[in-house]
Amino acid sequence: MAKMAASVVAESGEDVFRKMFKFYKRREPPPDLKEVTDFSSGAASGGKIVPLKLDPAAVSDEDAARVGLHPVRDWRAFGLQGYPGFIFISNPFLRGSQAFWVRQCLKTYPQKPNVCNLDMHMSPCDTQDIWARSAQALRSPPSEKRQPKTLLERLRWVTLGYHYNWDTKTYSANSYTPFPPDLHMLSSRITAACGFPGFRSEAAILNYYRSDSSLGIHVDESELDHSRPLLSLSFGQSAIFLLGGSQRQDPPTAMFMHSGDVMLMSGPSRLLYHAVPRILPPPRQHAAFLDELSCSCALPTANVLEPVSQEDWDVCSRYIQSSRVNMTVRQVLGPGQSFPEDLSSAHQTDDKGRTVGYQDDENSGKRKRTCSDPVGTVET
Ligand SMILES: O=C(O)CCC(=O)C(=O)O
Ligand SMILES: [Fe+2]
């Protein structure tokens, strides 16, 4: 990786992060992936992967199972040399439980009162039931004739809790709806096992990636308390994730995120630049999530995970055969903290050049996240 970084920087004045973003996004010729770290196999780590022991006493086995997780002592957790506070957990989900979380992302969380990209240019009654309006078309076998995209296929993001305002790059007290208790339960257990008891899930951004989507270089800094970690959960297709440094142009490390993988950015890694240049089909050993439903009967009964019906799973599995869903869960406020009166204008005049926002063009199926860094806007 360091070698590639050095050579790309020598070739052009363009910064190395942007160059690597373009490298992994490229379709023709396809990029060589041999330098992409794979935590699940230890491949291409360059000796940078460090096994981590999490606290098995922080979450009981029963509490882990109730949200679909293996006992903490069985999790394969890793750090990465040079990135203190970064924790990668290679799919800690019980076999069969990812189906529940995928169904929540597709059927439940996009529902009102949560907010999604389609609300920006459609009336509330038209975005009332994205699932019901899409399910029939997604259940029927793919036809030769080009069909109009379903609402689910046009979904790009959903916000939960304090709804992120993409224009002002802020959260505010008057744009809040209750955070889903099941997702908080999952998040608080994972963060507790990683050494952050008392995590409050106050906001989440769900990103829906099609096979040609990407997410530009950015930092998540709109939360007011950066001492709390940022939790990321991925389902469906795999992705290449680029983790950079605290400066926009610092060379990033490329890593795979597969279905079920969990990432925590905390401490000195909380405010690092990152991006997702590429969505990829999962390698064969990770593709099992596609037939996960068949064993959901093996899950413990006293849990928050309601069984996913075959009917619902038909839609979910069709969707995730070409898509990835990522949830980032955030604590926005520190203990006893509240929103300043006029936070949005303070942020608008911020000149650090590190704030981020989405530009969404759901008609073209492409989305770009922009970085107001003077170095340039990454288009996807
Ligand atoms: O999709 C991912 O893995 C990253 C998402 C992300 O960085 C974000 O929502 O801020
Ligand atoms: Fe992010």
Side-chain angles (χ1 to χ4, degrees), residues 17 21 24-25 36-37 39 83 85-91 101-102 105 109 114-117 155-166 169-171 183 187 190 201-223 226 228-246 248 252-266 269-280 282 320 323-332 354-360 367-373 378 380:
F17 199 144
F21 184 94
Y24 286 115
K25 188 175 158 57
V36 182
T37 294
F39 287 92
Y83 298 90
F86 174 78
I87 301 176
F88 193 102
I89 309 166
S90 196
N91 185 14
W101 294 109
V102 170
C105 290
Y109 300 150
N114 302 328
V115 179
C116 73
N117 64 301
L155 192 63
R156 290 293 171 269
W157 55 261
V158 168
T159 53
L160 310 175
Y162 288 116
H163 298 284
Y164 187 66
N165 181 323
W166 303 100
K169 291 118 187 162
T170 60
Y171 302 97
L183 183 55
S187 306
I190 298 174
S201 316
E202 292 174 328
I205 297 177
L206 278 52
N207 289 303
Y208 298 78
Y209 298 84
R210 310 293 291 169
S211 54
D212 60 352
S213 307
S214 57
L215 177 64
I217 307 167
H218 69 279
V219 170
D220 294 276
E221 60 174 4
S222 299
E223 298 72 28
H226 298 149
R228 304 270 82 196
L230 190 112
L231 174 68
S232 160
L233 307 151
S234 296
F235 299 103
Q237 298 293 294
S238 297
I240 296 179
F241 183 84
L242 296 177
L243 181 64
S246 54
R248 164 71 176 68
T253 295
M255 60 191 82
F256 287 109
M257 285 196 83
H258 302 300
S259 194
D261 286 349
V262 173
M263 212 184 250
L264 203 94
M265 293 170 77
S266 71
S269 288
R270 173 65 181 75
L271 293 175
L272 297 184
Y273 280 90
H274 55 279
V276 179
R278 185 66 172 249
I279 304 301
L280 303 157
I320 60 167
S323 310
R324 168 178 185 256
V325 184
N326 173 268
M327 301 195 269
T328 46
V329 184
R330 303 130 191 265
Q331 178 167 336
V332 176
R354 299 202 306 168
T355 50
V356 296
Y358 272 105
Q359 288 183 0
D360 179 67
R367 181 188 58 188
K368 56 188 177 183
R369 188 165 187 168
T370 61
C371 175
S372 60
D373 188 314
V378 176
T380 65

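First listed ligand is number 1; within each ligand, the first listed atom is number 1. None of these values were measured; they are calculated from a predicted model. Here, residue 1 is the first one in the sequence, and each next residue gets the next number. The figures that follow rest on heavy atoms only: side chains count, while hydrogens, waters and symmetry mates do not.
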Participant: May I ask you to list the atoms of ligand 1 that are less than 4.0 angstrom from any heavy atom of H274?
Facilitator: 7 (O)
Participant: Test your reading of the structure: does S234 have an N or O sitting under 3.5 Å from an N or O of ligand 1?
Facilitator: no
Participant: For ligand 1, which part of M327 has a heavy atom less than 4.0 Å away: the side chain, the backbone, both, or neither?
Facilitator: neither
Participant: With no hydrogens and no angle check, do the side chains of S232 and N326 hold a donor and an acceptor under 3.5 Å apart?
Facilitator: yes
Participant: Just go through V329, L242, D220 and tell me whose heavy atom is the nearest to atom 10 (O) of ligand 1.
Facilitator: D220
Participant: Is there a heavy atom of M263 sitting under 4.0 angstrom from any atom of ligand 1?
Facilitator: no
Participant: Taking it one step at a time, do M327 and F235 satisfy side-chain contact (heavy atoms from CB on, under 4.5 Å)?
Facilitator: CA-CA 9 Å; M327 301 195 269; F235 299 103; 3.8 Å; yes
Participant: Which of parallel (below 30°), tilted (30 to 60°) and perpendicular (above 60°) describes W166 and W157?
Facilitator: tilted
Participant: Which ligand 1 atoms, with their elements, are less than 4.0 angstrom from a heavy-atom of R330?
Facilitator: 8 (C), 9 (O), 10 (O)
Participant: Heavy atoms only: give me the nearest V332-E202 pair and the separation to one decimal.
Facilitator: N-OE1, 2.7 Å
Participant: Just which atoms of ligand 1 are under 4.0 Å from any heavy atom in V276?
Facilitator: 1 (O), 2 (C), 3 (O), 4 (C)
Participant: Nearest 10°: the angle subtended at the Fe ion (ligand 2) by H218 NE2 and D220 OD2?
Facilitator: 100°
Participant: Distance-only, no hydrogens or angles: does the Y208 side chain make a donor-acceptor pair with backbone N or O of C105 under 3.5 Å?
Facilitator: yes
Participant: For L272, does its backbone N or O pair with a side-chain atom of H274 as donor and acceptor, under 3.5 Å?
Facilitator: yes
Participant: Do the numbers put R324 on top of the ring of Y209, so that NZ or CZ is under 6.0 Å from the six-membered ring centre and no more than 45° off the axis?
Facilitator: yes
Participant: May I ask you to check whether S232 has an N/O atom sitting below 3.5 Å from an N/O atom of ligand 1?
Facilitator: no
